[in-house]
Amino acid sequence: MIDDREDERGFFAEQPPKSLKSAKPIDEKPHYLGHRQRLRERFREAGPSALSDYEVLELLLFRCIPRADTKERAKSLLKRFGSLAEVLGAPEHLLREVEDIGEGAAMDLKIVAAAAQRMARGEIKGREVLSSWSQVLEYCRAAMAFEEREQFRILFLDKKNALIADEVQQTGTVDHTPVYPREVVKRALELSATAIVLMHNYPVQYPTGIVGHA
């Protein structure tokens, strides 16, 4: 007669022990979650100057890409366009050409760009523009650098060289922009401007080129 207890001992003895390597960790969290928290804390405690351009881009992408690693996406954007200002100045369809940058992320970046441009315009307004020429060039470069068509932009100044208005006077083709001096003078008189700064981009010959004339 077979002892049932011997069968049970044999059954349990034949079961191979489970490998510790194959055991799935409990409550395993994606590595990027800790990275996001550390980056936010560094921004809060040390300020934006402590972060590189790609880290600032990461912070922006956190909002529209909630469950993914955004570091490589940020670096890809900078590799394609060159700088944070140029990423924000790039057209939406070019942003979407970067790997893993979808429609939502591209739109959010353009919203941030619009806010940044208005803030820059507010920073310039009421100051002596010609005393901060590099700031004016940086602002115009962010606004115009990746325009696919030539653009003729005018900054209208008062007698103290403070900004009255910033306007796109003409938009042309990929390699030509018509300029009508009569219209420029007419608009300057309408705004009571005593000086102007003319800005012109070169989207074909120089993709990020901006030329300014006082």
Side-chain angles (χ1 to χ4, degrees), residues 48 53 56-57 60 64 77-78 80-98 101 103-214:
D53 277 3
V56 174
L57 265 178
L60 294 177
C64 50
L77 285 166
L78 289 173
R80 169 71 186 274
F81 299 107
S83 70
L84 179 59
E86 289 166 328
V87 169
L88 296 178
E92 185 181 346
H93 72 276
L94 290 184
L95 291 172
R96 293 200 306 268
E97 290 180 1
V98 176
I101 298 298
E103 183 178 350
M107 175 61 72
D108 280 3
L109 289 175
K110 295 310 300 178
I111 292 172
V112 172
Q117 288 173 14
R118 293 194 179 195
M119 184 178 70
R121 190 178 296 120
E123 288 179 351
I124 294 174
K125 192 170 184 178
R127 298 183 180 181
E128 291 188 0
V129 175
L130 295 182
S131 65
S132 55
W133 184 243
S134 61
Q135 182 186 6
V136 176
L137 285 177
E138 183 63 25
Y139 164 72
C140 290
R141 190 164 186 256
M144 302 169 64
F146 282 91
E147 289 291 333
E148 294 182 331
R149 296 180 181 276
E150 291 207 22
Q151 193 178 89
F152 188 75
R153 196 182 198 100
I154 307 176
L155 306 183
F156 296 91
L157 313 176
D158 65 13
K159 63 182 179 180
K160 294 182 179 180
N161 287 336
L163 184 68
I164 298 172
D166 168 11
E167 298 180 354
V168 176
Q169 211 269 341
Q170 291 289 340
T171 300
T173 62
V174 294
D175 60 356
H176 175 71
T177 304
V179 178
Y180 303 102
R182 180 183 298 176
E183 295 300 319
V184 174
V185 173
K186 178 183 176 182
R187 184 58 176 156
L189 291 173
E190 289 174 350
L191 296 171
S192 298
T194 57
I196 58 175
V197 178
L198 310 179
M199 308 299 297
H200 180 218
N201 64 328
Y202 292 93
V204 177
Q205 297 94 334
Y206 310 101
T208 60
I210 299 293
V211 175
H213 301 284

Separation of [Y] [atom2] from [X] [atom1] (nearest 0.5 Å):
{"X": "Leu95", "Y": "Met107", "atom1": "CG", "atom2": "CE", "result": "10.5 Å"}
{"X": "Ile101", "Y": "Leu77", "atom1": "CD1", "atom2": "CG", "result": "4.5 Å"}
{"X": "Ile111", "Y": "Glu92", "atom1": "CD1", "atom2": "CD", "result": "9.0 Å"}
{"X": "Leu109", "Y": "Leu60", "atom1": "CG", "atom2": "CG", "result": "6.5 Å"}

### Query
Which pairs with one or both residues in residues 179-199 pass salt bridge (Lys or Arg N to Asp or Glu O under 4.0 Å), sequence neighbours excluded?
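Checked against salt bridge (Lys or Arg N to Asp or Glu O under 4.0 Å) - neighbours excluded - the pairs reaching residues 179-199 are Glu167-Arg187, Arg187-Glu190.
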### Residue pair Leu88, Gln117: steps toward the side-chain contact (heavy atoms from CB on, under 4.5 Å) verdict
CA-CA 10 Å; Leu88 296 178; Gln117 288 173 14; over 6 Å; no
Show the nearest heavy-atom pair for residues [X] and [Y], with the distance to one decimal.
{"X": "Ala90", "Y": "Lys110", "answer": "O-NZ, 2.9 Å"}
{"X": "Ala193", "Y": "Ile164", "answer": "CA-CD1, 3.9 Å"}
{"X": "Val98", "Y": "Phe81", "answer": "CG2-CE1, 4.0 Å"}

### Message
Restricting to salt bridge (Lys or Arg N to Asp or Glu O under 4.0 Å), what partner residues turn up for Glu103, sequence neighbours left out?
### Response
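In terms of salt bridge (Lys or Arg N to Asp or Glu O under 4.0 Å), with neighbours along the sequence ignored, Glu103 is linked to no residue.
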### Query
Do the non-hydrogen side-chain atoms of Asp53 and Leu57 ever get within less than 4.5 Å of each other?
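They are not in contact (no side-chain heavy atoms under 4.5 Å apart), so the answer is no.
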### Query
Is any side-chain heavy atom of Thr194 less than 4.5 Å from a side-chain heavy atom of Leu157?
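Result no, sub-4.5 Å side-chain heavy-atom pair not found.
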